[in-house]
Trainee: 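Shown below is the structure under consideration.
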Amino acid sequence: MKIDILTLFPAMFTSPFAESIIKRAVEKTLVKINIFDIRDYAEGKHRQVDDYPYGGGAGMVLKPDVVIKAIENIKSPEARVVYLSPQGRRLNQSIALELSGYQHLILLCGHYEGLDERIMSFIDDEISIGDYVLTGGELPAMVLTDAVIRLLPGVLGDDDSARDESFADQLLEYPQYTRPAVYQEKEVPEILLSGHHERIRRWRLKQRLLRTLLKHPQLLLDREFSAEEKELLLEILFNRESDHEKS
Ligand code: 4H6
């Protein structure tokens, strides 16, 4: 996959993409990331990228000629042009998965009061990372890049990939513990020390359902439940264990 990022602040991307799993994905050539400075597409002595808004008002607006020249220059027939803005559709795991299917992403980072509206006909998708305002689209572009890259085949180790399948099923993770078995009088749940793999699997699934119900019940709305999950949800609701001996 190729990810091209269009920004007025290219230096912001250096460190985040030079570390850890993204760095490894780039080294393995699973992804190529290019950072383009929008100012490089501006003409004239002042290389002006923005201008005052017609009709007056505060702030500056990105000039259409500059941004469109940049997009035209790096576009490919397969490219998906994504604009990071507070008005976009809210990023979630299923959108990250959708975007991970493209050969070429072009991420446009907005600034100031936004873009000249005529640029929007060159945009295929508008994405927001949440309902809050940032000074620019750079951090959202990094968040999106990270969420997409970790879904590309070969980027995560086998263990992580398997874990990700369970995340994609719209439940929160179960609680994790490591040594020591007792820390500041707090004990690791006894079942995790028991060695009963099947009971541990069931306990973890129940914890995931319980956590999701309490912390992000919204995630349960567009999801179906297996027979086992229904059983565990009943256990949660009536605070008792059901009979589930294997025959
Ligand atoms: C486009 C238009 C994304 C981009 C306006 C971007 C939050 C998100 C920006 C703006 C962003 C998000 C400029 C409007 C600063 C507010 C850059 N903020 N803004 N939630 N800011 O994904 O003023």
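Every number for a ligand or one of its atoms is a count from 1 in the order of the listing.
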Trainee: Check ligand 1 for N or O atoms under 3.5 Å from a protein N or O and list each pair with its distance.
Mentor:
residue, atom, partner, partner atom, Å
ligand 1, 18 (N), Leu134, N, 2.9
ligand 1, 20 (N), Ser128, OG, 3.2
ligand 1, 20 (N), Gly130, O, 2.8
ligand 1, 20 (N), Tyr132, O, 3.2
ligand 1, 21 (N), Leu134, O, 2.9
ligand 1, 22 (O), Ile129, N, 2.8

Trainee: Out of Gln207, Glu235, His197, which one pairs with Arg202 under the side-chain hydrogen bond (donor to acceptor under 3.5 Å, both in side chains) rule?
Mentor: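 Only one option passes, and that is Glu235.
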Trainee: Determine whether a donor-acceptor pair (N or O, by modelled atom type, separation under 3.5 Å) exists between the side chain of Arg211 and the backbone of Leu172.
Mentor: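 Flag not set: sc Arg211 to bb Leu172 has no pair under 3.5 Å.
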Trainee: Counting N and O atoms only, with roles assigned by atom type, does the side chain of His111 sit under 3.5 Å from a partner on the main chain of Thr135, one being a donor and the other an acceptor?
Mentor: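 A pair under 3.5 Å: yes.
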Trainee: Leu209 and Phe225: which non-hydrogen atoms are nearest, and at how many Å?
Mentor: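 Answer, listing the atom of Leu209 first, then Phe225: CD2-CE2, 4.2 Å.
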Trainee: Give a yes or no on whether the backbone of Lys63 and the side-chain of Asp116 come within a donor-acceptor separation of less than 3.5 Å.
Mentor: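 Checking the backbone N and O of Lys63 against the side chain of Asp116, no donor-acceptor pair under 3.5 Å is found.
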Trainee: Using the test ring-ring contact (aromatic ring centres under 6.0 Å, His included), find all partners of His104 that sit at least two apart in sequence or belong to another chain.
Mentor: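 So His104 forms no ring-ring contact (aromatic ring centres under 6.0 Å, His included) with any residue.
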